[in-house]
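For ligands, and for the atoms within them, numbers begin at 1 and follow the listed sequence. Treat the numbers as computed from the prediction; the structure is a model and nothing was measured.
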Amino acid sequence: MSLSEFAIVESTLREGEQFIKANFSSDDKVEIAEALGAFGVEYIELTSPIASPQSRQDCERLAGLGLPSKILTHIRCHLEDAKVALATGVAGINLTIGSSSLMRQFSHGKNINQIIDLASEVLTFIHQQAPNIELRFSAEDSSRTSTEDLIKIYSAIEKLGVVKRIGIADTVGISTPMQVFELVKTLRQFTNLDIEFHGHNDTECATANSYTALEAGATHIDTCVLGIGERNGITSLAGFIARLYATNPEQIKCKYRLEELANLHELVARKVGISIPFNHCIFGESAFSHKAGIHTKAMLNSSETYEAINPRSFGVTRSILINHKLAGKQAINHRANELGLSFNLSQLKDITHRLKTLADQQSLTIEDVDNILYSYHCQ
Ligand SMILES: CC(=O)SCCNC(=O)CCNC(=O)[C@H](O)C(C)(C)COP(=O)(O)OP(=O)(O)OC[C@H]1O[C@@H](n2cnc3c(N)ncnc32)[C@H](O)[C@@H]1OP(=O)(O)O
Ligand SMILES: O=C(O)CCC(=O)C(=O)O
Ligand SMILES: [Zn+2]
């Protein structure tokens, strides 16, 4: 798998709008789209213009901004949706229709042949109206659709000759990485079209599933900032980037402007009124905090010992914590040196023992630790 060959379809302004707390204004969308563009995502997917009058105006507005990312909208297999989407001036349209038996029975009531006929009609119509528009067709709930049905649908769609890529959706986040790998690999053998993967996070496998989709030959991955979306959301942009960074930092640093990611996260968190989770892979409060003595000693020798990701690539700083009972003498010595103090080994052991004894009784601040160091030094 070559990292340079995939593209991100960033869906914060489509799937992300389906997050319970999202209600983006038109100006919010522009701000977020600009920040996504500054980071360097290849595509920005927008809510269907038929969802509301404002959604339609926003599609037109964002499509006209001349952003570096391609603007897509996401629609049903429906002629009216297609006509409205075409009129907005977007560069591409992502069409979807449910293909599993649950979707066929409870969402739209169509069988596989009817799905193929409807999708063919709508895709052909769009292509006739706008031959240069980038078309993607996706079978919603692909993971609960038989591979046989998927191949039947995708083969028929590919034969139309109007679609640039097909999409696979793990709509209820039920797939394991191995299942995603097998499905993408199977489809990869059947089609030369690009393959997009959309993974929900119901079982917390979204990032792993997106990564294995790439390993199996997918070319496009859907993400949202902070992983927001319907229910508990989809693959998080930062999670996906972190995963790729751990595999090949230099390639990911060339492909995207990683230093823009912090601003993007703060922006989206503010717009949807949430705080960034403490354990967020890059911007979480504890993501680059090192606490236990064994860790901090090794970290002070080489940060790679306990870090898969260099926080500086994302404009984040690490912290070495010593105001607790798990602290070790090496990290305490490091702090003492920062304060311009120096102690011999036996003194350091003594200070560490005092600090631990105190930390057993109360919580400590870094100022408390500094006071211990200064007063020991005065003695
Ligand atoms: C898995 C996903 O996240 S897919 C993306 C989800 N996005 C959205 O739903 C966008 C926001 N949605 C909306 O604003 C509205 O649902 C609209 C405008 C799309 C449709 O609204 P309504 O006409 O009021 O229909 P409603 O939402 O109640 O039901 C969905 C309709 O779409 C049909 N439908 C569902 N999926 C599809 C599809 N992929 N292709 C074609 N028709 C579909 C259903 O059969 C149903 O049709 P009906 O009106 O004949 O009953
Ligand atoms: O269009 C797609 O591929 C994905 C649609 C969607 O949001 C989903 O199935 O969860
Ligand atoms: Zn989704």
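Using modelled atom types and a 3.5 Å distance limit, the side chains of Ser146 and Glu148 yield no donor-acceptor pair. Between the side chains of Asp58 and Gln54, at least one donor-acceptor pair of N or O atoms lies under 3.5 Å. A donor-acceptor contact closer than 3.5 angstrom is absent between the side chains of Thr365 and Asn323. Asn113 and Lys152 share a donor-acceptor pair across their side chains, judged by distance under 3.5 Å alone.
In this structure, the side chains of Leu72 and Ile44 stay at 4.5 Å or more apart for every pair of heavy atoms.
Atom 44 (C) of ligand 1 has Ser107 O, 3.3 Å as its closest protein atom, hydrogens excluded (heavy atom only). Closest to atom 6 (C) of ligand 2 among all protein heavy atoms lies His198 NE2, 3.3 Å. Of the protein's non-hydrogen atoms, the one nearest atom 7 (N) of ligand 1 is Gln18 OE1, 3.8 Å. Counting only heavy atoms of the protein, atom 9 (O) of ligand 2 lies nearest to Thr171 OG1, 2.6 Å. Protein heavy atom at the shortest distance from atom 10 (O) of ligand 2 is His200 NE2, 2.9 Å.
Remark: ligand 2 and Glu15 share an N or O pair separated by less than 3.5 Å (distance only, no angle test).
The Zn ion (ligand 3) has Glu15 among its coordinating residues (N/O/S atom, backbone or side chain, under 2.8 Å).
Applying the 4.0 Å criterion to heavy atoms of Thr96 picks out, from ligand 2, the atoms 1 (O). Listed by number with element, the atoms of ligand 1 under 4.0 angstrom from any heavy atom of His74 are 4 (S), 5 (C). Every atom of ligand 1 with a heavy atom of Glu140 under 4.0 Å away is listed here by number and element: 1 (C).
Salt-bridge formation is not detected for the pair Lys329/Asp350: no Lys NZ or Arg NE/NH1/NH2 atom is positioned less than 4.0 Å from an Asp or Glu carboxylate oxygen.
Remark: distances from the non-hydrogen atoms of Ser138 to ligand 2 include one below 4.0 Å. The shell of residues lying under 4.0 angstrom from ligand 2, judged by heavy atoms, excludes Glu230.
The angle subtended at the Zn ion (ligand 3) by NE2 of His200 and NE2 of His198 is 100°, given to the nearest 10°.
For atom 5 (C) of ligand 2, the candidate residues are Glu140, His74, Arg231, Arg136; the nearest heavy-atom contact is made by His74.
The six-membered or imidazole ring of Tyr374 lies away from that of His377, with a centre-to-centre distance of 6.0 Å or more.
Within a 6.0 Å radius of CD in Glu204, other residues, nucleotides and ligands contribute 12 heavy atoms or fewer.
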